[in-house]
Novice: 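Let me begin by handing over the structure; questions about it come next.
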Amino acid sequence: MLLTTFLMVETFMVASAGNFNKDVDITWGDSRGKILNNGQLLTLSLDKASGSGFQSRNEYLYGKFDMQLKLVSGNSAGTVTAYYLKSQGSSWDEIDFEFLGNLSGDPYVVHTNVYTKGKGGREQQFYLWFDPTADFHTYSILWNPRHVIFYVDGRPIREFKNLESVGIPYPKNQPMRMYCSLWNADDWATRGGLVKTDWSQAPFTASFRNFTANACVLSNGVSSCSSNASSNNAWFSQELDSSSQKVLKWVQKNYMVYNYCKDAKRFPEGLPVECTVRNRKQIKI
């Protein structure tokens, strides 16, 4: 019942898709990144010489971002497919989806992280309730002044709240681009680096389609959103209602495999502040 609640959300995402020819630039990997089907499909490939990647042409300051991905199939151990938002500079903000490959038949790990002012270390990892290599699925980031929410097929899997009131930095001032890449990370990606990339399986390929950015676009320091952005864009003040909260708890109970907020050994001096003040009132818009 909980899983079917959000099917209408995924349908809406697909209906408002953009065009890769207009929305992104392939920035590295020589010819390993390809835009196909009149801009409706983009593929990235990885071989022993190089991976590949692309980025949005626009910069954004808050928005709802959706992308459909079909991940590397078969023995994908050692590979990482990334989909994330990131600002520039040494004190950057970043909101990450990373998909860690695995041996054939073993599940992908969805690795999420949030960086503020160049500091990350807020990892939460999940298995999925489907095979992400068999078909396209929608992965979304909601970023507004209240919180960051990660979604899979319209179902929330993680929330990072704005808790500036207790001294925790929040990504709010630095515009970010959307980035995607496919690269080799066999020094850490699969079982902590114990399983290496099998290059006899190369080239590895991940596919992307239906990128949408319902967002405030920054151009020459000016936002496309008016001062009353919250009244014109539902995502700007979007919250998790009671039904969404139930789905979030269900996913975290059944599919979360790592949570930095539960890793006392990693933080012998005490867990990060945001892990201990979850129930405090977050910032108002």
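By convention here, the first residue in the shown sequence is residue 1.
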Novice: Take Asp96 and Tyr115 through the side chain to side chain contact (heavy atoms under 4.5 Å, CB included) test and state the conclusion after the steps.
Specialist: CA-CA 8 Å; Asp96 287 345; Tyr115 286 75; 3.6 Å; yes
Novice: Kindly indicate whether the side chain of Ser56, heavy atoms from C-beta on, has any atom under 4.5 Å from the side chain of Asp23.
Specialist: no
Novice: Under 3.5 Å, side-chain donor or acceptor atoms of residues 265-273 against the rest of the protein: list the pairs with distances, not counting sequence neighbours.
Specialist:
residue, atom, partner, partner atom, Å
Arg266, NH1, Glu123, OE1, 2.7
Arg266, NH1, Tyr258, OH, 3.0
Arg266, NH2, Gly121, O, 3.2
Arg266, NH2, Glu123, OE1, 3.0

Novice: If you apply the rule ring pair (Phe, Tyr, Trp, His ring centres under 6.0 Å), what do you find for Phe126 with Phe150, and how did you get there?
Specialist: CA-CA 11 Å; Phe126 304 84; Phe150 297 77; 8.4 Å; no
Novice: Do you see a donor-acceptor pair shorter than 3.5 Å between the side chains of Arg155 and Ser244?
Specialist: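 There is no such pair between these side chains.
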Novice: Are Leu61 and Phe236 grouped together when hydrophobic residues (ILVMFWY) are joined by side-chain heavy atoms under 4.5 angstrom apart?
Specialist: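 The answer is yes; both residues are in one hydrophobic cluster.
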Novice: Is the closest side-chain donor-acceptor distance between Thr212 and Asp66 under 3.5 Å?
Specialist: yes
Novice: May I ask you to say whether Asp25 pairs ionically with Arg57, meaning some side-chain N is under 4.0 Å from a carboxylate O?
Specialist: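 Yes, Asp25 and Arg57 are salt-bridged.
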Novice: Indicate, with yes or no, if the rings of Tyr127 and Tyr108 have centres closer together than 6.0 Å.
Specialist: no
Novice: Do Asp93 and Trp143 have side chains that approach each other closer than 4.5 Å (heavy atoms only, starting at C-beta)?
Specialist: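 A side-chain contact under 4.5 Å is absent here.
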Novice: Under a 4.5 Å cut-off applied to non-hydrogen side-chain atoms, are Ser207 and Leu42 in contact?
Specialist: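 Ser207 vs Leu42: side chains apart.
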Novice: Answer with yes or no after comparing the ring centroid distance for Phe160 and His147 against a 6.0 Å cut-off, counting only values under it.
Specialist: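 When the ring centroids of Phe160 and His147 are compared, they turn out to be at least 6.0 Å apart.
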Novice: With ring centroids as reference points, do Tyr179 and Tyr83 lie under 6.0 angstrom apart?
Specialist: no
Novice: Strictly by modelled atom types, are Thr112 and Gln124 linked by a side-chain donor-acceptor pair under 3.5 Å?
Specialist: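 Judged by distance alone, the side chains do not pair up.
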Novice: Considering only residues two or more places apart or on different chains, which pairs with a residue in residues 39-56 satisfy salt bridge (charged side-chain N to carboxylate O under 4.0 Å, His left out)?
Specialist: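 Only Arg32-Asp47 qualify under salt bridge (charged side-chain N to carboxylate O under 4.0 Å, His left out).
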Novice: With ring centroids as reference points, do Phe54 and Trp28 lie under 6.0 angstrom apart?
Specialist: no
Novice: List in chain and number order the residues that pass side-chain contact (heavy atoms from CB on, under 4.5 Å) with Val195, two or more places apart in sequence or in another chain; answer none if no residue qualifies.
Specialist: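 Testing Val195 for side-chain contact (heavy atoms from CB on, under 4.5 Å), a comparison that skips the adjacent residues, returns Ala77, Leu103, Thr190, Arg191.
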Novice: Quick one: does Trp235's side chain get under 4.5 Å of Leu142's, heavy atoms only?
Specialist: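 Yes, at least one pair of side-chain atoms sits under 4.5 Å.
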Novice: Check this for me: Asn37, atom CG, are more than 12 non-hydrogen atoms of other residues, nucleotides or ligands nearer than 6.0 Å?
Specialist: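 Enclosed.
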Novice: Salt bridge or not for Glu274 and Lys161, using N-O below 4.0 Å?
Specialist: no
Novice: If you apply the rule side chain to side chain contact (heavy atoms under 4.5 Å, CB included), what do you find for Leu85 with Glu94, and how did you get there?
Specialist: CA-CA 5 Å; Leu85 303 174; Glu94 185 173 341; over 6 Å; no
